[in-house]
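Side chains are part of it too, since the values below use all heavy atoms of this structure and drop only hydrogens, waters and symmetry mates. Values in this document were obtained by computation on a predicted structure and should not be read as measured data. Counting starts at 1 for both ligands and their atoms, following the listed order.
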Amino acid sequence: MQNILFVCLGNICRSPAAEGVFLSKIKEKGLENEFRVDSAGTSAYHIGEPADHRMGRAASRRGITLPSRARQFKREDFDQFDHILVMDHDNFEDVSRLTDDPEKLKKVRMLREYDDDTGRTLSVPDPYFGGADGFEEVLDILDHSVENLIESLRHQS
Ligand code: 4NP
């Protein structure tokens, strides 16, 4: 069993969507018993909230449900999870700042390191203050990044 945590700022848009995409793909592939997945935010802004309704609707049009309730990333997550996938450079800094243990820091990666079509950035763009297109763009990015992540992880176990 590998434990996977997705992290963004608010835990209401990008990371719950990554979690939902991951859950949907492992179900499709029959790998539900191989992974445990969760998501968290670096901020406390939206603790307890479900995914943003715009992201929820965009995901649901693709047949993906987003079960998560927002929570804040905490130091113990370094012990509970094997892989911590962050959405942007700010998330990377905010998470990394919480430990100086190199073994824990090794667990933290940018999700788009698994994207083979990044253009110029390794960030998943924050859709919160933008229009509807932003949510579709995030889901497109997550679709291939999470696919490649799962394929990479299943060969590690
Ligand atoms: P997320 O998006 O980090 O993808 O969940 C955001 C959600 C809320 C805020 C910013 C980004 N906010 O400033 O409240």
Side-chain angles (χ1 to χ4, degrees), residues 2-27 35-99 104-150 152-153:
Q2 298 189 63
N3 297 292
I4 314 300
L5 182 66
F6 293 105
V7 177
C8 63
L9 175 63
N11 194 209
I12 54 168
C13 295
R14 293 165 293 174
S15 61
E19 178 186 352
V21 169
F22 193 99
L23 283 168
S24 147
K25 285 182 181 290
I26 58 173
K27 190 166 179 203
F35 297 104
R36 182 171 75 88
V37 60
D38 192 10
S39 65
T42 55
S43 77
Y45 305 150
H46 297 280
I47 289 174
E49 293 179 25
D52 183 287
H53 64 278
R54 297 164 295 173
M55 184 55 94
R57 274 204 297 269
S60 133
R61 283 195 293 271
R62 299 181 186 214
I64 295 162
T65 48
L66 307 183
S68 122
R69 289 267 165 182
R71 72 167 180 89
Q72 191 169 22
F73 182 87
K74 50 189 191 299
R75 279 192 179 82
E76 299 80 72
D77 288 322
F78 285 115
D79 303 314
Q80 313 247 308
F81 292 90
D82 305 302
H83 300 279
I84 299 168
L85 284 310
V86 301
M87 300 296 142
D88 65 29
H89 296 283
D90 287 341
N91 307 152
F92 190 91
E93 294 303 320
D94 290 341
V95 167
S96 300
R97 185 179 302 135
L98 296 174
T99 182
K104 294 180 179 171
L105 286 169
K106 268 202 307 209
K107 299 180 175 186
V108 187
R109 304 286 289 269
M110 300 281 284
L111 175 63
R112 285 193 89 178
E113 284 183 39
Y114 294 91
D115 188 350
D116 37 29
D117 181 24
T118 56
R120 287 192 313 243
T121 175
L122 271 184
S123 291
V124 180
D126 183 348
Y128 188 69
F129 295 107
D133 288 359
F135 293 89
E136 297 299 334
E137 184 190 3
V138 167
L139 288 170
D140 289 342
I141 292 169
L142 294 178
D143 185 54
H144 45 262
S145 302
V146 169
E147 177 70 26
N148 291 342
L149 170 68
I150 293 170
S152 164
L153 294 176

**Request:** Identify the heavy atoms of F78 and K107 that sit nearest to each other, and give their distance.
**Result:** O-NZ, 2.6 Å

**Prompt:** Is C13 in polar range of ligand 1, meaning some N or O pair under 3.5 Å apart?
**Reply:** yes

**Message:** Please confirm whether H46 approaches ligand 1 to less than 4.0 Å, judged on its heavy atoms.
**Reply:** yes

**Message:** What I want to know is whether Y45 and ligand 1 share at least one N or O pair that is separated by under 3.5 angstrom.
**Reply:** no

**Message:** Quick one, M55 and P16 - any side-chain contact, counting heavy atoms below 4.5 Å?
**Reply:** no

**Cation-pi geometry met for R14 and Y128 (6.0 Å, 45°)** = no

**Asked** Based purely on interatomic distance, does P127 place a nitrogen or oxygen under 3.5 Å from a nitrogen or oxygen of ligand 1?
**Response** no

**Asked** Minimum heavy-atom separation for S15 to F6, with atom names?
**Response** CB-O, 3.5 Å

**Asked** At a non-hydrogen distance cut-off of under 4.0 Å, which region of N11 contacts ligand 1 (side chain, backbone, both, or neither)?
**Response** backbone

**atom 11 (C) of ligand 1: nearest protein contact (heavy atom, Å)** = D126 OD2, 3.1 Å

**Heteroatom distance test (F129, ligand 1): nitrogen or oxygen, under 3.5 angstrom** = no

**Message:** Quick test: of every protein heavy atom, which one is nearest to atom 1 (P) of ligand 1, and how far off is it to 0.1 Å?
**Reply:** C8 SG, 3.5 Å

**Close-contact set for ligand 1 against L9 heavy atoms, below 4.0 Å** = 3 (O), 10 (C), 11 (C)

**Request:** Return yes if some donor-acceptor pair links the side-chain N/O of D52 with the main-chain N/O of I12 below 3.5 Å, else return no.
**Result:** no

**Prompt:** Under 6.0 Å from the NZ atom of K74, do we count more than 12 heavy atoms belonging to anything else shown?
**Reply:** yes

**Asked** Where is the nearest protein heavy atom to atom 12 (N) of ligand 1: which residue, which atom, and how far?
**Response** Y128 CE2, 3.6 Å

**Message:** Going by side chain to side chain contact (heavy atoms under 4.5 Å, CB included), L85 matches just one of L5, L149, V7, V124. Which one?
**Reply:** L149

